[in-house]
Each structure stands twice: as structure tokens, then as C-alpha cells.
Amino acid sequence: QVQFVESGGGLVQPGGSLKLSCAASGFASGYYHIGWFHQAPGKEREAVSCVSVTEPYTYYADSVRGRFTISRDKTMNTVTLQMNSLIPEDTALYHCGTCEVTFVGGNNYRLTTEFEAWGQGTQVSVSS
């Protein structure tokens, strides 16, 4: 079963940047995307951004598009999330997991996950 170890979180002021890293290990089949998800206190986990494991395609939640950039290395052992122009609403615990991309019409899509083996995650706090 694939496992992920997240790192790179921290405390940053609004407008600042952070770069999260996700190291994958193990093997699994049947998934085509890996993504970053976040969960704020009292809220459900939400998808932030996903990347295809086979094609150069990336996907973003509306709330982070234009501010965050997801990338992967060629071996898919590491997925990074460059987070710029951070806002307090980005404060959450960030995890890596497998991602499901469902197109709902035109270029619109929905990002979800069926992943259950969540790691410890990395905390991102945006505050002045």
C-alpha cells in the first residue's frame, strides 16, 4: 500500500510562501493522481491540488488557483506544493493522498479522494 510522508509546513505571515513536500513509498495500483488535501479545525478534509502520475496535468481548487503550484518528479516519488500569497484561510493540516478527478462539464472538475491511510501531515499556519 502506498504511503506518504509530508513535510515543509510552518508559521508564515499573510502574503508569505511555503513549499510542502510529499515523499511516497510502497506500491499501489489503480490510482492515477496524487494530491494535497487540507483540513482546518472543525471542517472536513478538502482537496487543494492534484497532479497526474502519467501525464503533465495539474488540477487546483478554486480557492488556490493562481497562488499554489503542484509538481512531481519523474519517478513520482516526490510531490511538492509551492504555496504563494498565503492567506489566513489557508491555515490547516495538509496531507498527501491519492486523488480522484471527475470532470463535470467543460473544463470543470471535482477533486475527491478515497484514500484512507493518511500520514501525520504537516501544519500550515498563516497569521500576522
Side-chain angles (χ1 to χ4, degrees):
Q1 179 175 329
V2 66
Q3 294 179 319
F4 301 99
V5 177
E6 304 90 350
S7 62
L11 174 63
V12 64
Q13 292 185 342
S17 298
L18 284 173
K19 186 174 184 178
L20 306 184
S21 292
C22 170
S25 62
F27 174 80
S29 62
Y31 68 91
Y32 303 97
H33 303 88
I34 290 178
W36 283 95
F37 303 81
H38 71 193
Q39 186 169 18
K43 295 186 177 181
E44 294 187 353
R45 182 178 286 114
E46 297 179 333
V48 175
S49 179
C50 300
V51 60
S52 170
V53 302
T54 59
E55 303 292 339
Y57 299 145
T58 57
Y59 307 89
Y60 297 93
D62 290 342
S63 60
V64 306
R65 186 176 292 112
R67 299 188 297 121
F68 292 6
T69 303
I70 192 170
S71 61
R72 61 174 173 84
D73 68 8
K74 292 182 179 180
T75 64
M76 280 301 299
N77 286 335
T78 303
V79 176
T80 61
L81 185 69
Q82 178 65 47
M83 311 166 68
N84 298 330
S85 302
L86 283 161
I87 58 178
E89 289 76 12
D90 295 321
T91 296
L93 183 63
Y94 284 71
H95 285 100
C96 263
T98 58
C99 182
E100 309 292 327
V101 181
T102 304
F103 285 88
V104 295
N107 291 324
N108 299 311
Y109 49 80
R110 183 171 64 244
L111 305 178
T112 57
T113 184
E114 297 180 354
F115 192 69
E116 296 180 351
W118 301 102
Q120 292 190 338
T122 186
Q123 177 68 38
V124 171
S125 299
V126 184
S127 174
S128 56

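Treat the numbers as computed from the prediction; the structure is a model and nothing was measured.
- Put simply, the residue from I34, L20, D73 that forms a side chain to side chain contact (heavy atoms under 4.5 Å, CB included) with V79 is I34.
- Put simply, OG on S7 and OH on Y94 are 14.5 Å apart, with the number rounded to the nearest 0.5 Å.
- Sorted by first then second residue, the salt bridge (charged side-chain N to carboxylate O under 4.0 Å, His left out) pairs that include residues 109-128, not counting sequence neighbours, number zero.
- The two atoms that bring S52 and T54 nearest to each other are OG-N, 3.1 Å, heavy atoms only.
- Ring-centre distance between H95 and F115: not below the 6.0 Å cut-off.
- A 6.0 Å sphere centred on CD of Q120 holds no more than 12 heavy atoms belonging to other residues, nucleotides or ligands.
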Next item on the list: Take S71 and T80 through the side chain to side chain donor-acceptor pair (under 3.5 Å) test and state the conclusion after the steps.
Entry: CA-CA 5 Å; S71 61; T80 61; 2.6 Å; yes
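- A distance of 11.5 Å separates CD in E6 from CG in L81, rounded to the nearest 0.5 Å.
- With rounding to the nearest 0.5 Å, the separation of OG in S127 from CD1 in I87 is 13.0 Å.
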Note to self: Could you walk me through whether V53 and R72 satisfy the side-chain contact (heavy atoms from CB on, under 4.5 Å) test, starting with their C-alpha distance in whole Å, then the side-chain angles of each, then the deciding distance to 0.1 Å, before giving a yes or no?
What the structure shows: CA-CA 8 Å; V53 302; R72 61 174 173 84; 5.6 Å; no
Note to self: Please evaluate residues E46 and H38 with respect to the criterion side chain to side chain donor-acceptor pair (under 3.5 Å), reporting the C-alpha separation (whole Å), side-chain torsions for both, the decisive distance (0.1 Å), and the verdict.
What the structure shows: CA-CA 5 Å; E46 297 179 333; H38 71 193; 3.3 Å; yes
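- Taking CG of L11 as the start and CD of Q123 as the end, the distance is 9.5 Å to the nearest 0.5 Å.
- To the nearest 0.5 Å, atom OG1 of residue T69 and atom NZ of residue K19 are 10.0 Å apart.
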Next item on the list: I would like to know whether Y60 and L111 meet side-chain contact (heavy atoms from CB on, under 4.5 Å); could you show each step before the answer?
Entry: CA-CA 8 Å; Y60 297 93; L111 305 178; 5.9 Å; no
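- The local environment of OH in Y57 is sparse, with at most 12 non-hydrogen atoms from other residues, nucleotides or ligands closer than 6.0 Å.
- For residues 48-69, the salt bridge (charged side-chain N to carboxylate O under 4.0 Å, His left out) pairs, not counting sequence neighbours, are D62-R65, R67-D90.
- Counting only heavy atoms from C-beta outward, the side chains of E89 and V126 never approach each other to under 4.5 Å.
- W118 places a side-chain heavy atom less than 4.5 Å from the side chain of T113.
- G8 and L18 make their closest contact through O-CD2, 3.9 Å (heavy atoms, listed as atom of the first residue, atom of the second, distance).
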Note to self: If you apply the rule side-chain contact (heavy atoms from CB on, under 4.5 Å), what do you find for V124 with M83, and how did you get there?
What the structure shows: CA-CA 10 Å; V124 171; M83 311 166 68; 4.1 Å; yes
Next item on the list: Take W36 and C96 through the side-chain contact (heavy atoms from CB on, under 4.5 Å) test and state the conclusion after the steps.
Entry: CA-CA 5 Å; W36 283 95; C96 263; 3.6 Å; yes
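- Distance check: F4 CZ to S21 OG gives 13.5 Å after rounding to the nearest 0.5 Å.
- Across all their heavy atoms, S128 and P14 have their closest contact at N-CD, 3.7 Å.
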